[in-house]
Trainee: 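Encoded as structure tokens, here's the structure I'll be asking about.
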Amino acid sequence: MECDILTLFPRIFEGPLDESILKRSREAGLVKIKVHNLRDFTHDKHRVVDDRPYGGGPGMLMKPEPIFEAVEKLRRADSCVVLMTPQGAPFTQRRAGEFACKPHLIIICGHYEGVDERVREALVHEEVSIGDYVLTNGALAAAVFVDAVVRLIPGVLGGEQSADDDSFAGGLLEGPQYTRPPEFRGMRVPDILLSGDHAAVAEWRAEQARKRTKERRPDLLG
Ligand code: JFB
């Protein structure tokens, strides 16, 4: 997969994209992520990317010209252009899996109060929101989006960390998990996990997952 990210704050991506799984999958060539500064697509002396909204109101909007110039330079016939916005469709594990199948993503991070509507009309295929809370801009949302999508690309997770085992993958939350030692500060690991009975362990885990999901996220049970 190739992924081009358009932002006014390219440095926000330096941390998340250069660590751990994302770093390794980039080095292995499984994903090619490029971060572009939208100011590089301006032509005026002050590299202006924002302007005041017609009709008045507080705050500034992103001007259409730098975004159009960037997208028209980067896009191909098979590109999917995504806009991060609080008005977007909720981003879910299912959506992440759909985006992981796209050969080329162009992600527009909004800033200020948002983008000129003509960007949506003419360039954007999908509008996405990572959740019902308010961020200061779209860059952190895009970093979350890319993280969730890239780890679903075949080969990105090693055999040991399979995406199939994740919370949500089976539509349920994961139950409790333990590692050594078998007793820590008087707290015991459940005997069944030490029993070596794989069928019994699987049944216990399934039951714990159902119980935890019912308690914490009954909405997931439908
Ligand atoms: C995304 C953004 C802003 C208008 C503008 C661009 N789940 C999410 N919350 N907030 C955002 C998001 C996503 N995806 C988000 C892009 C922009 C927020 N802002 C700031 C906040 C409220 N209303 C500008």
Side-chain angles (χ1 to χ4, degrees), residues 1-17 19 22 31 33-42 46-72 74-75 79-102 104-153 166-168 216-217 219-220:
M1 164 183 292
E2 288 180 61
C3 186
D4 288 289
I5 301 170
L6 309 180
T7 177
L8 294 178
F9 302 125
R11 284 181 307 170
I12 287 187
F13 295 89
E14 278 174 20
L17 300 184
E19 287 294 333
L22 285 187
V31 57
I33 304 174
K34 290 197 199 110
V35 182
H36 307 268
N37 190 336
L38 277 166
R39 278 192 206 282
D40 294 340
F41 298 89
T42 59
H46 298 290
R47 313 224 294 165
V48 174
V49 291
D50 62 332
D51 207 341
R52 294 154 62 202
Y54 276 118
M60 301 290 270
L61 292 176
M62 293 181 74
K63 297 163 61 63
E65 297 94 323
I67 301 177
F68 269 75
E69 179 153 332
V71 171
E72 286 171 348
L74 295 166
R75 79 178 163 189
S79 301
C80 177
V81 180
V82 178
L83 175 67
M84 306 310 300
T85 164
Q87 291 108 56
F91 185 54
T92 59
Q93 192 62 26
R94 176 192 295 265
R95 296 306 312 281
E98 291 166 7
F99 284 112
C101 301
K102 309 273 189 194
H104 185 213
L105 295 174
I106 299 175
I107 303 169
I108 305 170
C109 306
H111 297 273
Y112 312 112
E113 296 303 304
V115 300
D116 185 286
E117 188 65 19
R118 290 164 290 192
V119 168
R120 290 193 164 81
E121 282 173 21
L123 300 179
V124 170
H125 299 117
E126 305 278 352
E127 296 184 37
V128 173
S129 166
I130 63 161
D132 291 340
Y133 38 80
V134 181
L135 302 170
T136 55
N137 65 67
L140 283 174
V144 168
F145 175 90
V146 169
D147 186 276
V149 170
V150 167
R151 66 188 288 287
L152 297 180
I153 296 169
D166 293 341
S167 277
F168 295 117
R216 301 186 183 184
R217 294 294 306 277
D219 56 299
L220 294 177

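What you see below is based on every heavy atom in this structure, not just the backbone, and it leaves out hydrogens, waters and symmetry mates. First listed ligand is number 1; within each ligand, the first listed atom is number 1.
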Trainee: If you have a sec, work out which protein heavy atom is nearest atom 6 (C) of ligand 1 and how many Å separate them, to one decimal?
Mentor: G110 C, 3.2 Å

Trainee: For atom 14 (N) of ligand 1, state which one of V128, L135, D132 supplies the nearest heavy atom.
Mentor: V128

Trainee: Please step through side-chain contact (heavy atoms from CB on, under 4.5 Å) for the pair V149 and M1, ending with a clear verdict.
Mentor: CA-CA 10 Å; V149 170; M1 164 183 292; 4.0 Å; yes

Trainee: Work out whether the distance between some heavy atom of Y112 and some atom of ligand 1 is less than 4.0 Å.
Mentor: yes

Trainee: Judged on heavy-atom distance to atom 19 (N) of ligand 1, which of T136, V144, L140 sits nearest?
Mentor: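 Considering heavy atoms of T136, V144, L140, the nearest to atom 19 (N) of ligand 1 sits in T136.
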
Trainee: Which atoms of ligand 1 sit under 4.0 Å from any heavy atom of I130?
Mentor: 7 (N), 13 (C), 14 (N)

Trainee: Are more than 12 heavy atoms from other residues, nucleotides or ligands located less than 6.0 Å from atom CZ of R39?
Mentor: yes

Trainee: What donor-acceptor contacts under 3.5 angstrom involve side-chain atoms of residues 129-140, with partners at least two apart or in another chain?
Mentor:
| unit_1 | atom_1 | unit_2 | atom_2 | d |
| --- | --- | --- | --- | --- |
| S129 | OG | G131 | N | 3.2 |
| S129 | OG | G131 | O | 3.3 |
| Y133 | OH | I130 | O | 3.2 |
| N137 | OD1 | A139 | N | 2.7 |

Trainee: Find all atoms of ligand 1 within a distance of less than 4.0 Å from any non-hydrogen atom belonging to Y133, and give their numbers and elements.
Mentor: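 By the 4.0 Å cutoff, the relevant atoms are 7 (N), 8 (C), 9 (N), 10 (N).
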
Trainee: I'd like to know if the side chain of T85 reaches the main chain of Q87, judged simply by a donor and an acceptor atom lying under 3.5 Å from each other, with no hydrogens or angles considered.
Mentor: yes

Trainee: Could you check whether R120 pairs with E117 (Lys NZ or Arg NE/NH1/NH2 to Asp/Glu carboxylate O, under 4.0 Å)?
Mentor: yes

Trainee: Kindly identify the option in P90, P86, G114 whose heavy atom sits closest to atom 1 (C) of ligand 1.
Mentor: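 The option holding the nearest heavy atom is P86.
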
Trainee: side-chain contact (heavy atoms from CB on, under 4.5 Å) between L152 and Q93: does it pass, once the steps are laid out?
Mentor: CA-CA 10 Å; L152 297 180; Q93 192 62 26; 3.5 Å; yes

Trainee: At less than 4.0 angstrom from any non-hydrogen atom of A141, what atoms of ligand 1 do you find?
Mentor: 13 (C), 14 (N)

Trainee: Please identify which atoms of ligand 1 are closer than 4.0 Å to at least one heavy atom of G131.
Mentor: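 In order of number, 7 (N), 8 (C).
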
Trainee: Would you please determine whether G88 falls within less than 4.0 Å of ligand 1 on a heavy-atom basis?
Mentor: no

Trainee: Run the numbers for me: atoms of ligand 1, each under 4.0 Å from some heavy atom of E113, listed by number.
Mentor: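 Answer for ligand 1: 4 (C), 5 (C).
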
Trainee: For ligand 1, which part of S129 has a heavy atom less than 4.0 Å away: the side chain, the backbone, both, or neither?
Mentor: both

